[in-house]
Amino acid sequence: MMKCAQKIALKSTSLTVLVLFAVVLGSQCVLAQQEWSYTQYQFNLFDANSAYAGDHQTLSASLRHRSQWIGMEGAPATDQLTLHTPLLRNHLGAGIRIVSDRIGARRQQSAKLSAAYKLKLHNARLSLAITGGMLRQYWDRNELQASDLNDAQLLQMNDAHLAPQLGAAVMYTSTRFFAGIEANSLNGAAMRSASSSLARLYYNMNAVAGYIHPVSETDLLEISTQWKFSEGNIWQAEVNAQYLYRNKCWFGGGYRFESAWQVHGAWMVNELLRVGLSYDNTLGRVINRNQSSAELFLGYTLQKRAPGAVRYF
């Protein structure tokens, strides 16, 4: 009886924390998109928080492609590859995240390494991580229309500029609940396309939380939220709900506050492979063009996850 009461109390506490988290985030003013925005972050939390590295307890890989504002010339498009794995009997985790981003004439690539330390708690795990990497950025002059092709600053734009990135993350996971926060670009490195430029990387933070409620032996309901904050008091928050049907198919949707609504689904092909697809629609008009965005996700684990591994996220 005592154990049953403790389990009920733990589930109630987790759900209460998640609801409060969503309410607080939803009350914030949403002003702009952050350095990345993925709809299907729930399917591999390492993409959203580096401290999650190794939590699948086997080598895990994911590929993502996101096309924003489909049909608009120069609209943002992002490709991402991530790999993460446990080390030293799951006491450590390591991972890498490689991103290629295109917005108009700007081209940006980054590679970030992560190292996470795992603290085992009662039926849960607390992970602490540090991250480091390099960002490369340049401008494709062929995509620009300039009145003076010999402009000195324009001539420098084809030169690639590098900037180091440092960050840290923390994450708590159990079989039914997760919550974490990651801080990026804490070093505020300079990112200059011209000698007179004062541009630099602004620090930003990403927080996620979610709770899974079992409906039956094969069906689950997951509620999650994501919050992003950038230097300059720029906020963005979203809430999502998705349903797992017979341990095979996910389907759900969400709302990105004052920005977009979204629907998504995923098919668990087998114990190793899953495929996801999402569709977003921007709220308000975007230069009278197509307001829809699409995202494709592929996730693969080298082996079936161990019994003690996180099963559904």
Side-chain angles (χ1 to χ4, degrees), residues 30-49 60-83 96-112 133 135-145 160 184 204 206 208 224 226-228 230 234 236-242 249-269 273-300:
V30 182
L31 298 178
Q33 177 175 310
Q34 306 303 299
E35 65 171 6
W36 62 267
S37 183
Y38 296 129
T39 300
Q40 303 173 83
Y41 63 89
Q42 308 97 326
F43 297 141
N44 185 5
L45 288 175
F46 176 72
D47 294 356
N49 190 297
S60 182
S62 73
L63 282 171
R64 292 183 188 269
H65 172 78
R66 180 174 177 82
S67 293
Q68 192 156 317
W69 303 332
I70 297 171
M72 179 186 293
E73 185 178 355
T78 303
D79 297 299
Q80 177 178 273
L81 166 67
T82 63
L83 295 166
I96 183 170
R97 188 184 306 161
I98 301 173
V99 180
S100 176
D101 203 18
R102 304 173 300 283
I103 303 178
R106 192 192 73 174
R107 302 291 183 267
Q108 181 173 288
Q109 297 92 34
S110 65
K112 182 186 296 184
L135 183 145
R136 176 179 181 266
Q137 185 180 106
Y138 70 96
W139 297 81
D140 185 352
R141 287 188 298 167
N142 295 325
E143 298 288 334
L144 300 174
Q145 295 181 0
N184 299 293
N204 59 86
N206 180 55
V208 290
S224 65
Q226 181 174 223
W227 162 71
K228 287 173 276 185
S230 179
I234 299 173
Q236 187 176 80
E238 65 181 77
V239 291
N240 294 278
Q242 58 180 356
C249 297
W250 286 102
F251 57 90
Y255 174 65
R256 190 169 294 135
F257 288 91
E258 299 182 15
S259 177
W261 59 265
Q262 54 208 29
V263 293
H264 56 268
W267 178 39
M268 302 176 76
V269 180
L273 177 66
R274 49 185 164 177
V275 180
L277 183 65
S278 71
Y279 172 86
D280 303 11
N281 192 274
T282 303
L283 298 175
R285 300 191 65 83
V286 183
I287 322 178
N288 297 319
R289 300 293 184 89
N290 197 330
Q291 301 172 182
S292 61
S293 303
E295 181 181 310
L296 175 66
F297 169 84
L298 295 175
Y300 181 79

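Just so you know, residue 1 is the first one in the sequence shown, and it goes up from there.
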Practice item. Report the C-alpha separation of Lys228 and Ile234 in whole Å, then their side-chain angles, then the decisive distance to 0.1 Å, and conclude whether the side chain to side chain contact (heavy atoms under 4.5 Å, CB included) test is met. Key: CA-CA 8 Å; Lys228 287 173 276 185; Ile234 299 173; over 6 Å; no
Quiz item: Are Glu295 and His65 close enough that some pair of their side-chain heavy atoms sits under 4.5 Å apart?
Solution: no
Practice item. Would you indicate whether the side-chain heavy atoms of Lys112 and Ile96 approach each other to under 4.5 Å? Key: no
Indicate yes or no: at least one non-hydrogen side-chain atom of Val99 is less than 4.5 angstrom from one of Thr78. yes
- Would you mind checking if Asp47 and Arg64 are paired as a salt bridge, meaning a charged N to carboxylate O distance below 4.0 Å? yes
For Ala48 and Gln226, the nearest pair of non-hydrogen atoms, with its separation, is CB-OE1, 4.3 Å
#### Entry: Side chain to side chain, Leu296 and Gln40, heavy atoms closer than 4.5 Å
no
Test of ring centre spacing under 6.0 Å for Phe257 and Tyr255
yes
field: Pairwise side-chain contact, Phe297 with Gln42, heavy-atom cut-off 4.5 Å (strictly under)
entry: no
Distance-only side-chain donor-acceptor flag, Trp69 / Ser293, under 3.5 Å = no
Between Thr282 and Ala260 the two heavy atoms that sit nearest each other are CA-CB, 4.0 Å
- Task: Identify whether the distance between the nearest side-chain nitrogen and carboxylate oxygen of Asp280 and Arg66 falls below 4.0 Å.
- Result: yes
| query | Between Arg136 and Gln108, does any side-chain donor sit less than 3.5 Å from a side-chain acceptor? | reply | no
For Glu238 and Asn240, which I'm curious about, is there any donor-acceptor pair between the side chains at under 3.5 Å? yes
task: Might you work through the salt bridge (charged side-chain N to carboxylate O under 4.0 Å, His left out) test for Asp101 and Arg107, ending with a clear yes or no?
output: CA-CA 6 Å; Asp101 203 18; Arg107 302 291 183 267; over 6 Å; no
### Message
I'd like to check Trp267 versus Phe251 (side-chain heavy atoms, cut-off strictly below 4.5 Å). Are they in contact?
### Response
no
- Query: Would you say Trp250 and Phe43 make side-chain contact, with heavy atoms under 4.5 Å?
  - Reply: yes
Just wondering, do Trp227 and Asn206 contact through their side chains at under 4.5 Å, heavy atoms? no
